[in-house]
Amino acid sequence: MSLGRVLDILETDRLILRRRRVDEAAIYRQLWTERDPRVPPHRRINSEGRPTVEDIAAQIRAERAEPGPGILAVERKGTADVIGYCGLIFHRNGSPDEPELAYELLRAAHGCGYATEASRAVVTWASEAGYRRLWATVWDWNVATRH
């Protein structure tokens, strides 16, 4: 498999991971409102209320034009509700063949193992696609800092 391949859909026992859609921008905006204050300022809503739902919708449109795996919506199979995202991002900590695993779930979905399930599916896909190593990022600092 060649690096840079588009990741369109993954399925687990309880989840479907698929390309994000513009009509889901409000869900991703809700993630911004739920972030812990310890999250770096560039990952929080600014004093002007940005990003807005429209800003996020534009970002999702732009993602469609980008090559590579990208970020996927995390949707529960039984209810078809989107509870967050999980996927690969580039140009952060690693080289181009070392993407970063990023995920974030709505607080209502915490504690159910969904992040682990989604992450495992993405990591398995990345390994099969030939990525040597992944960096991990968790935007839910409440979970990340729990002892």
- side chain to side chain contact (heavy atoms under 4.5 Å, CB included) against Thr33, all qualifying residues, sequence neighbours excluded: Arg29, Gln30, Ile45
- Message: Would you say that Ile89 contacts Pro99 through its side chain, given a criterion of any heavy-atom pair below 4.5 Å between the two side chains?
- Response: no
- CD (Glu63) and CZ (Arg19) are apart, to the nearest 0.5 Å, by 7.5 Å
- Backbone N/O of Val123 and side chain of Ser127: donor-acceptor pair under 3.5 Å: no
- Message: So His110 and Glu34, do their side chains get closer than 4.5 Å, heavy atoms only?
- Response: no
- Spatial distance of atom CG (Leu105) from atom SG (Cys86) [nearest 0.5 Å]: 8.0 Å
- Message: Under the rule for side chain to side chain donor-acceptor pair (under 3.5 Å), what residues qualify as partners of Tyr28, not counting sequence neighbours?
- Response: Glu24
- Is Trp125 close to Leu17 at the side-chain level, that is, under 4.5 Å between some pair of heavy atoms? no
- Task: Supply the atom-to-atom distance Leu15 CG to Leu10 CG, rounded to the nearest 0.5 angstrom.
- Result: 10.5 Å
- For Ile16, the rest of its hydrophobic cluster, which grows through side-chain links under 4.5 angstrom: Ile9
- Identify, with sequence neighbours excluded, every residue that meets side chain to side chain contact (heavy atoms under 4.5 Å, CB included) alongside Thr52. Arg50, Glu54, Asp55
- Hey, does Tyr103 have a side-chain heavy atom less than 4.5 Å from the side chain of Val122? no
- Decide yes or no on side chain to side chain contact (heavy atoms under 4.5 Å, CB included) for Tyr85 and Leu31, but give the supporting numbers first. CA-CA 10 Å; Tyr85 65 81; Leu31 288 167; 3.7 Å; yes
- Hey, does Glu75 have a side-chain heavy atom less than 4.5 Å from the side chain of Asp81? no
- Note on the structure: Across all chains, not counting sequence neighbours, the side chain to side chain donor-acceptor pair (under 3.5 Å) partners of Asp23 are Arg21
- Message: If hydrophobic clusters are built from ILVMFWY residues whose side chains come within less than 4.5 Å, do Val53 and Val82 share one?
- Response: no
- Item | Results of salt bridge (charged side-chain N to carboxylate O under 4.0 Å, His left out) for Arg14 - residues two or more places apart only | Glu117
- Ile71 CD1 to Glu104 CD distance, which is reported to the nearest 0.5 Å: 10.0 Å
- Item | Pairing residues for Arg44 by the side chain to side chain contact (heavy atoms under 4.5 Å, CB included) criterion, not counting sequence neighbours | Val39, Pro41
- Query: Any side-chain heavy atom of Lys77 sitting closer than 4.5 Å to one from Glu11?
  - Reply: yes
- Separation of Tyr114 OH from Thr12 OG1 (nearest 0.5 Å): 9.5 Å
